[in-house]
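Here is the structure we will look at, set down as structure tokens.
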Amino acid sequence: DAKTTQPPSMDCAEGRAANLPCNHSTISGNEYVYWYRQIHSQGPQYIIHGLKNNETNEMASLIITEDRKSSTLILPHATLRDTAVYYCIVRAGGGSNYKLTFGKGTLLTVNP
Amino acid sequence: DSGVTQTPKHLITATGQRVTLRCSPRSGDLSVYWYQQSLDQGLQFLIQYYNGEERAKGNILERFSAQQFPDLHSELNLSSLELGDSALYFCASSPPGPSSGNTIYFGEGSWLTVV
């Protein structure tokens with residue numbers, strides 16, 4: 001699986017958009033970009049994933065650059081409950097081997 | 001609630017002992033994954049089962065073993081426990097199918113403390 005690079009920490013004001021960047025310059029054609037978050041000691045929570053196109057769901061938007069070498073997770077209106085470690089993961093597909101390899105992620109702190 | 005159930009939520013045991021952690025995957029999911037998260041190591045993949053068969057192995061110690069039963073629940077057995085095995089153990093599951101976009105859902109974890 002391709003490696004990802006994320007800033008170790010970011011701050012965001014409550015009510016503002018949080019934009020979390022991720023570099024995955026060695027991503028290959030069949031690898032998806034996944035975002036998970038982990039609120040202190042809880043189970044990692046799935047947020048969103050995509051292959052090429054931008055994606056949006058009720059939690060967030062995922063913007064993937066045209067060359068797929070980087071992506072941005074956008075939380076449109078951050079709340080205090082969004083304070084968590086956010087993990088960007090790229091995962092090879094095919095078959096039944098779907099494991100996720102977690103890096104260190106970005107600690108997002110939402111401030112009042 | 002992800003639909004993945006793990007028991008027990010908390011467990012305290014002594015060094016040298018053996019424990020079993022249990023996981024019930026989401027309804028319909030055939031894959032089960034086990035992860036370990038300790039303070040200094042982050043989330044480490046241990047092992048994956050798919051429909052009862054081992055499919056991928058990560059950094060799982062020889063003292064640890066797992067299995068997936070016909071009803072698809074899984075157990076992680078940890079033996080000869082050491083202080084360093086104290087960690088959060090997460091189970092996750094994902095649905096079947098060839099799609100590479102299948103999402104993995106995590107349970108809330110089992111806290112193991114070895115004293």
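Remember, predicted model here, so these are calculated numbers, not experimental data. Proteins come first, then strands; the chains are lettered A, B, ... in the order of their sequence lines, and each starts at number 1. Just so it is clear, the values below take in all heavy atoms, side chains as well, and ignore hydrogens, waters and symmetry mates.
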Show me the donor-acceptor pairs, under 3.5 Å and distance only, between side chains in residues 105-112 of chain A and residues at least two apart or in other chains.
residue, atom, partner, partner atom, Å
Thr106(A), OG1, Gln6(A), NE2, 3.4
Thr106(A), OG1, Pro7(A), O, 2.5

Using atom types as modelled, flag every donor-acceptor pair under 3.5 Å from a side chain in residues 17-24 of chain B to any protein atom, sequence neighbours excluded.
residue, atom, partner, partner atom, Å
Thr20(B), OG1, Asn77(B), OD1, 2.8
Arg22(B), NH1, His73(B), NE2, 3.2

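When all heavy atoms are compared, the tightest approach of Phe90(B) to Gly43(A) is CE2-CA, 3.3 Å. Minimum interatomic distance between Pro44(A) and Leu43(B) (heavy atoms only, all atoms of both residues): CG-CD1, 3.8 Å.
Hydrophobic clustering, with ILVMFWY side chains joined whenever heavy atoms are under 4.5 angstrom apart, groups Leu73(A) together with Leu80(A). Tracing side-chain contacts under 4.5 Å through hydrophobic residues (I, L, V, M, F, W, Y), one reaches Leu11(B) starting from Leu81(B); they form part of the same cluster. One hydrophobic cluster, built from ILVMFWY side chains closer than 4.5 Å, cannot hold both Ile60(B) and Tyr33(B); they sit in different ones. Residue Leu46(B) is not grouped with residue Ile89(A) when hydrophobic side chains (ILVMFWY) are merged at heavy-atom distances under 4.5 angstrom, including chains of intermediate members. By the criterion of side-chain heavy atoms lying less than 4.5 angstrom apart, applied directly or through intervening Ile, Leu, Val, Met, Phe, Trp or Tyr residues, Ile27(A) is grouped together with Ile48(A) in one hydrophobic cluster.
Taking CZ of Phe45(B) as the start and OG1 of Thr101(A) as the end, the distance is 8.0 Å to the nearest 0.5 Å. Between atom OG1 of residue Thr103(B) and atom CZ of residue Arg91(A) there is a gap of 7.0 Å, rounded to the nearest 0.5 Å.
Inspection of non-hydrogen atoms places Phe106(B), Gly107(B), Glu108(B), Trp111(B) of residues 106-115 of chain B under 4.5 Å from chain A.
If you measure heavy-atom distances from Gln45(A) to chain B, you find no contacts under 4.5 Å at all. Using a 4.5 Å cut-off between heavy atoms, Gln37(B) contacts chain A through its side chain alone, with no backbone atom that close.
Using a distance-only test at 3.5 Å, with no hydrogens or angles considered, a donor-acceptor pair links the side chain of Tyr36(A) to the main chain of Ile104(B).
Pairs of residues two or more places apart, or lying in two chains, that qualify as disulfide (SG to SG under 2.5 Å) and include a residue from residues 6-50 of chain A are Cys22(A)-Cys88(A).
Counted within 6.0 Å of CG on Leu39(B), heavy atoms from surrounding residues, nucleotides or ligands total 12 or fewer; the atom is thus considered open.
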